[in-house]
There are 2 protein chains.
Amino acid sequence: MTEEHDHFHTEGCLGISRVLARIGDKWSVLIVMLLADGPRRFNEMKRMIDGISQRMLTLTLRGLERDGLVSRTVFPSIPPRVDYELTPLGHSLREPVMALGQWAQANLVGIAEAQAEFDRRSADAAAEPPLQRAAGMR
Amino acid sequence: MTEEHDHFHTEGCLGISRVLARIGDKWSVLIVMLLADGPRRFNEMKRMIDGISQRMLTLTLRGLERDGLVSRTVFPSIPPRVDYELTPLGHSLREPVMALGQWAQANLVGIAEAQAEFDRRSADAAAEPPLQRAAGMR
DNA sequence: CGGGATCCACTCTGATACTG
DNA sequence: CAGTATCAGAGTGGATCCCG
């Protein structure tokens, strides 16, 4: 069942990769956080996120629904109405995600600084001649 | 700077997408967890993870180094030796990641069950005729 | 040993058009 | 309104070869 291409101490973090594969995409977390306030309709969510295409909203909601994080309720009315809502499991995911978000905000500047310095040093390294002039290239 | 294609309550979760874009890839978390035990050499890590290609190991380490999560130390010996180590920032990331991992493990079965039922219902839906037989479904 | 460079396969995402 | 279907482009990851 569980493929073990990583054979160190898998016990501690086998599920992380799984979870990250699901919520690590571009929209899942945004949708979960959006649904945290309560049920939403399809186009309502589309408008609120609006960088998202209807395709990705559909696909992401399907994935979340498949994993039991989101429930889908169809009202057979005219016009049709479909509500998406966080399941208890989906709500429970909010806590660790929020923790990650708090870490992110707490360290945003630190990361930005590290990036800036890394890029600066990379630029420096690229600026100096790539050839060895140690032998006295005349 | 910060593009706002999501205009709901961005304050609460703007950094999450950033962080997920970094650690949400296939190997970053694995590497961070691996380095949690202490410094490791390049090929040593490659052997321990072993599903990974040298390319992705290099790329992932570069990304982590750029964000200040991992430090790279070169020993100019023969053969060359390079150690990778978690920075304090990298170590601090372990906590929220572990929280996510614990959530994952706590809910692995629930997710698997949800997936199984979803797939089962999808199969059912695909099996029955795609045309409406509503006129006679009493 | 620790990479860099290149090529290729696959996936993910978005844009567009059509359906019930 | 709430999707589905198809296509095209970008991005991601792997395999291979090469270099210091």
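Atoms considered below: every heavy atom in the structure, side chains included; atoms not considered: hydrogens, waters and symmetry mates. Note on naming: letters A, B, ... go to the chains in the order of the sequence lines (proteins, then strands), and numbering restarts at 1 for each one. All values reported here derive from a predicted model rather than from experimental measurement.
- Rounded to whole Å, the distance from CD1 on A:I52 to C1' on D:dG3 is 14 Å.
- Atom pair A:I49:CD1 and D:dA2:P shows a separation of 14 Å (rounding to whole Å applied).
- Atom-to-atom distance recorded for B:L93:CG and A:W103:CH2 is 4.5 Å, nearest 0.5 angstrom.
- Proximity of B:K26 to the phosphate of D:dG14: a side-chain N or O atom is located under 4.0 Å from OP1 or OP2.
- A straight line from CG of B:L20 to C1' of D:dT12 spans 16 Å, rounded to a whole angstrom.
- When A:L64, A:I49, A:L61 are each tested for a side chain to side chain contact (heavy atoms under 4.5 Å, CB included) with A:W27, only one passes: A:I49.
- Across the protein-nucleic acid pair, B:K46 atom NZ and D:dT16 atom C1' stand 12 Å apart, rounded to whole Å.
- With hydrogens and angles left out, the side-chain atoms of B:R72 and B:Y84 include a donor and acceptor closer than 3.5 Å.
- Between the CD atom of A:Q54 and the P atom of D:dT4 there is a distance of 11 Å, given to the nearest Å.
- Side-chain atoms of A:E44 come within 3.5 Å of backbone atoms of A:R41 as a donor-acceptor pair (strictly under, hydrogens ignored).
- Atom CG in A:D50 sits roughly 12 Å away from atom P in C:dG14 (whole-Å rounding).
- For the pair B:R66 and A:D119, the salt-bridge criterion is met [side-chain N within less than 4.0 Å of a carboxylate O].
- Atom CD1 of A:I23 sits about 12.5 Å away from atom CD1 of A:I31, to the nearest 0.5 Å.
- The CE atom of B:M33 lies 10.0 Å from the CG atom of B:L86; values are rounded to the nearest 0.5 Å.
- Among D:dG14, D:dA2, C:dG2, the nucleotide with an atom closest to any side-chain atom of B:M56 is D:dG14.
- B:Q54 has its side chain within reach of B:K46: a pair of non-hydrogen atoms, C-beta onward, lies under 4.5 Å apart.
- The end-to-end axis angle of the helix from C:dC1-D:dG20 to C:dG20-D:dC1, rounded to 10 degrees and based on five pairs per end, is 40°.
- When rounded to the nearest whole Å, the span between CZ of A:R55 and C1' of C:dT11 equals 11 Å.
- Counting non-hydrogen atoms under 4.0 angstrom, A:Y84 reaches the backbone sugars and phosphates but no base.
- Shown for residues 58-68 of chain A: residues whose heavy atoms fall under 4.0 angstrom of DNA chain D, namely A:T58, A:R62.
- In this structure, the CD1 atom of A:I78 is 10 Å from the C1' atom of C:dG20, given to the nearest Å.
- If you find the closest nucleotide of DNA chain C to A:D25 and to B:R72, the one lying nearer the 5' end belongs to B:R72.
- When distances run from any side-chain atom of A:W27 to the nucleotides D:dG14, D:dA2, C:dT13, the shortest one goes to C:dT13.
- Set against D:dC1, C:dG2, C:dA15, the side chain of A:S53 has C:dA15 as its closest nucleotide.
- How far CD1 of B:I111 is from CG of A:L69: 6.0 Å, rounded to the nearest 0.5 Å.
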